[in-house]
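Remarks on the structure that follows.
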Amino acid sequence: MTGLIQEAFRAAVAAGRRAARQSVSSSTGRPRGLSWIPALTLGLFLGPILAGLAGTLLPAFGVLPVLGATEPGLHPWRALAAAPGVGGAVAASLVSGIGSTLLALLIAMAAVGAAGGTRAARVLRAGLAPLLALPHAAFAIGFAFLAAPSGWIVRLLSPWATGWTYPPDIALVQDPGAIALTLALALKEAPFLVLMLLAALGQVPAGRTLTVARCMGYGPVQAWLKAVLPLVWPQMRLPVYAVLAYSLSVVDMAMVLGPTTPPTLAVLVLRWFGDPDLTLRLQAAAGACLQLLLVVGAIAGLRMAEAAIGRLARPWLVGGARGGPGRAAQAAGAAAAGAVLAAAIGAVLALAVWSLALRWRFPDMLPAAWSLDAWSRALPGLARPLANTLAAGAAATVVALALALGCLEHERRAGVRPAAGGLWLLYLPLLVPQVGFLFGVQVLLVSTGLDGTWPALVWSHLLFVLPYVFLSMADPWRSLDERYDRAAACLGARPARVFWRVRLPLLRRVVLGAAAIGFSVSVAQYLPTVFAGAGRLPTLTTEAVALAAGSDRRVLAVTAFAQAVLPLAGFALALALGRRRAMRRWMGRAA
Amino acid sequence: MSATSGLVLERVALRLGGRRLLGPLDLTVEPGRVAVLMGPSGSGKSSLLAFLCGTLDPAFVVEGSAWLGGRALAPLPPERRRIGILFQDDLLFPHLSVGENLAFGLPSGLRGAERRARIEAALADAGLQGFAGRDPATLSGGQRARAALLRTLLSEPAALLLDEPFSKLDADLRARFRAFVFDHARRQRLPTLLVTHDPADAVEADGPCLTLDAAGD
């Protein structure tokens with residue numbers, strides 16, 4: 001699973017940066033056949049985002065013809081300012097969004113820095129794929145099962161350390177300070193940053209730079225911070241911004257773990273969008289714009305902080321202090337990596353145990369009686385969401401693969417270099433808060449009668465699946481030794497045959513890895529499913545989040561566990577298919 | 001044998017996955033001498049340098065021992081070995097100016113005017129007067145190579161390892177930079193170990209020369 005995802009994601013950082021090799025088959029004289037694919041991809045991709053932003057911006061200034069609102073004005077903003085809890089909601093969003101991003105970055109740097117040597121880094125990589133594949137909603141629910149007053153952590157400490165014989169009446173999750181949400185977000189996003197950091201390190205002479213610095217007498221921590229981190233930071237910027245944007249505007253995790261009165265801004269805005277009182281739509285649109293401003297402001301703030309730190313740290317960078325052996329930092333890094341791993345494993349285990357628990361008294365560590373009762377109660381209701389999840393995931397992944405492969409193949413045949421701005425375009429859906437444009441998309445869907453239909457659902461997932469699929473394939477695709485293509489072309493193979501019989505088989509593991517990533521991204525989508533599915537196409541994710549507000553822990557555990565396992569199954573399948581022998585059998589049949 | 005003030009390798013052999021990659025080697029490099037290690041790629045030359053630096057992947061099994069100035073190297077972490085290394089790429093830090101790159105090498109004990117003076121002297125030595133504020137990316141290949149050597153020397157190493165540092169330079173530049181490096185190594189009385197493909201390097205080095213076979217052949 002490791003090599004697969006590592007190989008697949010290596011691209012993410014270099015994509016757009018590295019020039020495509022001059023295409024061989026451009027000389028075969030048929031570069032044009034695929035030129036419509038990049039245009040189609042951009043249209044499918046940017047169209048909804050831009051239309052969605054416009055469809056959110058207009059109502060924010062009083063224009064929403066379907067509700068009879070045609071008089072432009074600032075009244076939605078006045079309503080927003082007067083709405084109770086907006087200030088607290090913004091504060092909760094900022095605290096959890098910025099706090100979790102910085103914490104995740106710290107965890108990622110500590111873990112990667114401590115791993116240092118190749119062996120530990122390999123272990124770290126091995127853990128990444130399942131951690132990344134774990135959907136946010138399932139992780140949040142499992143995290144709640146760990147951290148709640150009656151959760152495993154309190155049980156572990158009770159009554160011997162806490163004296164509690166009943167679950168304490170303290171808000172350990174959904175706390176007003178958003179601490180639980182901040183921690184959970186940091187633990188969930190850290191693996192993504194670790195992956196990006198490892199990929200970035202692969203793009204620079206990190207090992208030799210570290211050697212040079214250490215041979216000049218620098219301790220491991222100082223050498224890493226002063227010589228290696230500045231090398232990779234430019235490539236970490238976009239991933240960090242993506243994490244920041246995501247954390248500031250996350251909905252599903254905030255609904256499960258975040259404060260409730262008021263909730264974070266994204267959740268509050270979503271409540272208004274869903275309110276039976278339709279006049280709240282305008283205020284909600286203004287709130288969505290405010291959410292957008294928060295993200296833009298936070299990213300700008302981070303950029304400025306980064307520049308200021310760069311200036312202030314200069315004397316320290318070149319002052320010559322060598323630092324010690326860094327054992328404390330090493331230990332902290334190992335502890336950080338351990339915490340990430342323990343939280344994920346603990347969350348999934350908690351889901352599994354709760355789904356099988358019949359009687360589980362506080363503060364027992366395990367249930368007194370086990371039963372499949374919850375599973376048999378939950379399964380009939382899960383069949384349809386499960387089928388929807390699988391179908392939407394498979395469809396979005398297949399479309400994304402086709403578009404991404406088409407774009408890359410066109411790029412190769414036509415010999416075009418990937419534009420530097422392309423990377424920003426790809427990251428766009430990851431940087432724009434979902435709640436900021438999905439309402440506009442919904443308005444569009446309703447007016448075309450497409451809301452609640454399959455094409456709408458798959459399309460909305462595609463917006464988020466495509467960037468990951470493309471990023472994970474781009475670099476391996478671009479850097480595959482072109483002599484294979486040339487050799488095949490010299491044997492008389494047309495470009496199509498080169499593509500199907502040479503490139504795809506050679507890069508099968510990359511393509512399968514990208515498919516598994518795409519599927520896991522689709523499974524995790526909450527807000528797009530809510531908006532595009534219009535409640536008629538429930539998935540495991542929407543079911544799990546809806547159940548999280550209820551009281552049946554066991555059925556909730558079953559649903560969240562199923563959601564957690566599905567992407568892992570996707571990765572396992574990709575891994576099995578990626579094995580050489582399976583591939584050869586498949587090729588043998590195809591031939 | 002370990003009492004010498006130079007760099008000493010005693011029966012050093014490297015193994016990887018049960019396969020012998022290199023050695024056993026015996027080598028003594030006196031201060032101010034340049035020893036040459038020649039061999040095809042894959043013969044374990046770079047692994048030997050990594051072993052001396054203390055950055056060898058733990059997957060390797062090492063036999064024998066290495067000494068510098070009478071100290072055994074094995075128990076020391078890389079930062080306490082006082083071994084400077086120069087690679088094929090100059091590895092000047094792109095986030096620092098030329099002067100700041102040199103300052104990175106200087107020990108922290110030097111402060112203020114003294115620190116600036118040392119950097120200025122090093123810049124002059126490298127023919128880079130007035131280049132302190134420049135971005136390393138704006139330097140020529142030869143200038144970058146000289147700056148990289150001086151950065152290493154400012155960190156006051158007790159030995160110098162050279163991992164094919166001339167191979168990316170064109171012939172004319174190569175000869176001049178080689179003379180520059182050897183001259184500095186001899187003047188500072190550093191035991192120096194050069195890994196190379198180029199027989200001309202061995203002639204100029206005028207020190208002990210070892211030739212490795214391709215591993216597994």
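Predicted model only: the values in this text are computed from it and were never measured. Convention: sequence-line order gives letters A, B, ...; per-chain numbering from 1.
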Exercise. What do the steps show when you test R314(A) against E100(B) for side chain to side chain contact (heavy atoms under 4.5 Å, CB included), and what is the final call?
Worked result: CA-CA 9 Å; R314(A) 203 144 273 251; E100(B) 287 170 335; 2.6 Å; yes
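Between the side chain of H95(B) and the backbone N or O of K226(A), at least one donor-acceptor pair lies under 3.5 Å. Side-chain N or O atoms of Y218(A) include one that pairs as donor or acceptor with a backbone N or O of F104(B) at under 3.5 Å. Not a single donor-acceptor pair under 3.5 Å links the side chain of R208(A) to the backbone N or O of Q88(B).
Between E79(B) and P220(A), the shortest heavy-atom distance links the atoms OE2-CD, 3.2 Å. Considering every non-hydrogen atom in both A321(A) and S108(B), the closest pair reads N-CB, 3.5 Å. Scanning all heavy atoms of the two residues, the minimum distance from P78(B) to R214(A) falls at CD-NH2, 3.3 Å. When all heavy atoms are compared, the tightest approach of C215(A) to C53(B) is SG-SG, 3.5 Å.
With a threshold of 4.5 angstrom between heavy atoms, F87(B) approaches chain A through side-chain atoms but not through N, CA, C or O.
Distance CD1/I83(B) to CE/M216(A): 14.0 Å, rounded to 0.5 Å.
R80(B) CZ: 12 or fewer foreign heavy atoms inside a 6.0 Å radius. Counting non-hydrogen atoms of neighbouring residues, nucleotides and ligands closer than 6.0 angstrom, the CZ atom of R483(A) reaches no more than 12 such neighbours.
Just one residue in the list T55(B), L161(B), L91(B) forms a side chain to side chain contact (heavy atoms under 4.5 Å, CB included) with T211(A), and that residue is T55(B).
Among the candidates R111(B), R82(B), R81(B), R151(B), the residue making the largest number of heavy-atom pairs closer than 4.5 Å to chain A is R151(B). Counting heavy-atom pairs closer than 4.5 Å to chain B, the top-ranked of the candidates A213(A), G219(A), P205(A) is G219(A).
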